[in-house]
Amino acid sequence: MLSFRVINMRMDLVYTKLLEHYGYQGWWPLVSMKGKKGFDNLGYHPNDYSYPKTRGQMFEIIIGAILTQNTAWKNVEKALINLYTKRVAVPEKIIEMDFTSLATLIRSAGYYNQKTVRLKTIAEWFNSTNFNIPTLSLRKKLLSLKGVGPETADSILLYAFKRPVFVVDAYTLRMFERLGFGKLTYDSAQGIVHKSFKTLSDDDKVKVFNEFHALIVAHAKEHCKKRPMCEQCPLYNLCKMNGKR
DNA sequence: CCCCAGGGAATTC
DNA sequence: GAATTCCATGGG
């Protein structure tokens with residue numbers, strides 16, 4: 001007998017449930033907005049998708065995306081604050097600064113030798129590229145940079161350039177697999193989400209993908225951890241695990 | 001496809 | 001206080 005599983009997950013329902021439970025996440029947090037009125041002191045801006053507003057904020061998101069590779073955001077924040085304190089959070093300074101000084105400033109973000117190279121590479125790219133090209137072309141250019149893989153490229157596309165691209169990460173794969181999708185790859189997981197929201201306008205996709213990714217991170221930290229905490233899980237009724245294990 | 005190095009800091013033992 | 005955990009990317 002043929003055994004198969006059909007999953008017809010309402011991805012919009014997953015999104016809605018997460019949003020109801022965790023609320024607006026306010027990504028991408030901008031350290032440079034610290035203390036500005038109307039925002040809390042971490043630079044979050046819940047349910048306001050109008051950022052980045054300046055080229056400087058755009059660049060902050062890009063270097064943040066590099067620095068947060070394989071690293072908790074808290075450690076990245078320290079590195080970003082160091083860069084702002086020393087007034088070098090701009091592409092020109094990143095490019096001309098000597099290797100060791102830059103590496104020292106970003107030490108808290110880990111992998112500082114690799115990330116120093118990557119920051120210099122992307123700063124050069126940022127200052128010599130016309131971003132006004134189709135999303136897929138821009139994505140290819142980003143992926144061609146050494147140290148920029150799919151997650152970093154898509155984070156930059158979505159959060160810095162406001163392109164309608166969903167960001168997949170390890171949390172996304174873990175959560176989707178538990179929900180009942182089979183083994184997933186980066187591209188298959190992204191495809192599922194893109195397909196699920198294909199009727200939205202590009203502007204709405206940017207908002208939903210922004211929030212959805214941030215909500216998945218929140219959910220993976222609170223409930224869908226490596227060792228899952230299924231009690232009180234907002235997705236309990238949708239999930240294939242359904243509390244087991 | 002798998003495995004490992006890269007690094008610091010939070011979490012858990 | 002020491003061991004374990006977290007995790008993107010690239011290269012073998």
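Here the structure is a predicted model, which means the values were calculated and not measured.
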**OP:** Could you work out which one of B/dG7, B/dA10, C/dA8 sits closest to the side chain of A/Tyr112?
**Re:** B/dG7
Original post:
Rounded to the Å, how far apart are A/Leu143 CG and C/dA8 C1'?
Top reply: 13 Å
Subject >> Test: A/Lys93 and A/Glu96 ion pair at under 4.0 Å >> reply: yes
**OP:** Quickly work out the A/Lys225 NZ to B/dA10 C1' distance and round it to whole Å.
**Re:** 12 Å
**OP:** Starting at atom CD1 of A/Ile106, determine the distance to atom C1' of B/dG6, rounded to an integer number of angstrom.
**Re:** 12 Å
Original post:
Is there a path of hydrophobic side-chain contacts, each under 4.5 Å between heavy atoms of I, L, V, M, F, W or Y residues, that connects A/Trp125 with A/Ile61?
Top reply: yes
Subject >> Residue closer to the 5' end of DNA chain B, A/Asn75 versus A/Gln114 (nearest nucleotide) >> reply: A/Gln114
Original post:
Between C/dT5 atom C1' and A/Arg174 atom CZ, what is the distance in whole Å?
Top reply: 11 Å
**OP:** Please determine, for the side chain of A/Asp169, which listed nucleotide (C/dA8, B/dG6, B/dG8) has the closest atom?
**Re:** C/dA8
**OP:** Take the protein atom CG of A/Leu173 and the nucleotide atom P of C/dT9, then report the distance between them rounded to whole Å.
**Re:** 12 Å
Original post:
Should the pair A/Arg118 and A/Tyr111 be classed as cation-pi, given the thresholds of under 6.0 Å to the six-membered ring centre and 45° from the axis?
Top reply: no
Subject >> side-chain N/O A/Tyr111 vs C/dT9 OP1/OP2, d < 4.0 Å >> reply: no
Subject >> Distance below 4.0 Å between A/Thr71 side-chain N/O and B/dG7 OP1 or OP2 >> reply: no
**OP:** Assess the pair A/His194 and A/Phe166: is the distance between their ring centroids shorter than 6.0 Å?
**Re:** no
**OP:** Starting from C1' on C/dC6, measure out to CZ on A/Arg227 and report it in whole angstrom.
**Re:** 16 Å
**OP:** For A/Leu67 and B/dG8, give me the distance from atom CG to atom P, rounded to whole Å.
**Re:** 13 Å
**OP:** Remember a base hit wins even if backbone is also touched, and classify A/Leu145 as base, sugar-phosphate or nothing at under 4.0 Å, heavy atoms.
**Re:** sugar-phosphate
Original post:
Checking A/Lys53 against A/Tyr51: charged group under 6.0 Å from the ring centre and within 45 degrees of the axis?
Top reply: yes
Original post:
Does A/Lys115 place a side-chain N or O at less than 4.0 Å from the phosphate oxygens OP1/OP2 of C/dT9?
Top reply: no
Original post:
With nearest nucleotides of DNA chain B determined for A/Thr185 and A/Lys78 from heavy-atom distances, which residue corresponds to the more 5′ nucleotide?
Top reply: A/Thr185
**OP:** Could you tell me whether A/Lys74 contacts a base, only the sugar-phosphate backbone, or nothing, with contacts defined as non-hydrogen atoms closer than 4.0 Å?
**Re:** nothing
**OP:** Send over the distance from A/Leu119 CG to B/dG6 P, rounded to a whole Å.
**Re:** 19 Å
Subject >> Upstream residue (5' side of DNA chain C) when A/Lys146 and A/Ala72 are each assigned their closest nucleotide >> reply: A/Ala72
